[in-house]
Visitor: 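Below you'll find the structure I mean.
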Amino acid sequence: MQLIDGKATATTIKAEIAAEVELIVENGGKRPHLAAILVGHDGGSETYVKNKVIACEQCGFKSTLIRFEDNVSEAELLAEVKRLNQDEDIDGFIVQLPLPRHISEQKVIEAIDYRKDVDGFHPINVGRMSIGLPCYISATPNGILELLKRYKIKTAGKKCVILGRSNIVGKPMAQLMMQKRIPGDATVTICHSHTKNLKEECRQADIIIAAIGIPNFVTADMVKPGAVVIDVGTTRVPDATRKSGFRLNGDVKFDEVAPLCSYISPVPGGVGPMTICSLMKNTLSAGKKEFYK
Ligand code: GUN
């Protein structure tokens, strides 16, 4: 069994990005600039955004954090999105999700100029990704692809079962695993809350990507010996022994599943650090106007 070390891989990639940024700047180019909008004070979102700002520093990017209180109106938020769309110094920006209930996330996502949508959530980027055109790919699926690539895990012709059908992970992951390139070329099955014989589906999988948000959902009896297991779960569960009062729990019952696997990604330290790293790669692409002029 080999552990997939997302933390170390992310550190390597951020160093690669930082080196490229210094070359760009030395040659008179512009330092990439990422902005993030954070609404309210959700603990998870605060942590994610803080880590994104730290990652920007590590990559040599400029970053700007824009905060609103929970009671910001949808119109105010849309006006800020419009302002960022027009700000020429900002190469890419994100609006951290989830948003308060009175604001339509879809409306906000669609208001973002797709050329600055480094989260890859705009329908133009989602559509281009699904037909294999150059675009911003959402961070978590792209981070998983990067891990598969760097660990030289074979995907062509493999049976890949994805647990979960979210717009952010499950759906794009399925598109990417079936695409005609490497990593890709897999035979993909998506399982969700209405799937019959979910255990049997999993047992046939060469690769399981678990993104359902139910702690310890994937148990040893669902995993074929030699399978690759990627754990996307990050559920916060109370833990009195931690200073924060919680710990992150994956979707996979690691202790019993790991001995069966050829490769497995742990939580924390697996997919999580790669997600932010993918956002950094997209920001570098935005700075270089790699996909869109
Ligand atoms: N909330 C959870 N994941 C993400 C993400 O990748 N981007 C944004 N903007 N919000 C999120």
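Atoms within a ligand are numbered from 1 in the order they appear, just like the ligands themselves. This structure is a prediction, so every number in the text was calculated from the model and none was measured.
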Visitor: For A55 and I276, work out which heavy atoms get closest and say how close.
Guide: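 For A55 versus I276, the nearest heavy atoms are CB-CG2, 3.5 Å.
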Visitor: With no hydrogens and no angle check, just 3.5 Å: does a side-chain donor-acceptor pair link E200 and Q204?
Guide: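 No pair is found: no donor N or O on one side chain lies under 3.5 Å from an acceptor on the other.
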Visitor: Name the residues with a heavy atom less than 4.0 Å from ligand 1?
Guide: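 Heavy-atom contacts below 4.0 Å: K52, V95, Q96, L97, D119, F121.
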Visitor: Check step by step if side chain to side chain donor-acceptor pair (under 3.5 Å) holds for N85 and R83.
Guide: CA-CA 5 Å; N85 284 342; R83 191 186 71 73; over 6 Å; no
Visitor: Give the intermediate values and the outcome of side chain to side chain donor-acceptor pair (under 3.5 Å) for residues H33 and S63.
Guide: CA-CA 5 Å; H33 184 180; S63 71; over 6 Å; no
Visitor: Please determine if R236 forms a cation-pi arrangement with F246, meaning its NZ or CZ atom is less than 6.0 Å from the six-membered ring centre and no more than 45° off the ring axis.
Guide: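 Yes, R236 lies over the aromatic ring of F246.
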Visitor: Of E146, E20, E290, which is the lone residue that meets salt bridge (charged side-chain N to carboxylate O under 4.0 Å, His left out) with K281?
Guide: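 When salt bridge (charged side-chain N to carboxylate O under 4.0 Å, His left out) is applied between K281 and each of E146, E20, E290, only E146 qualifies.
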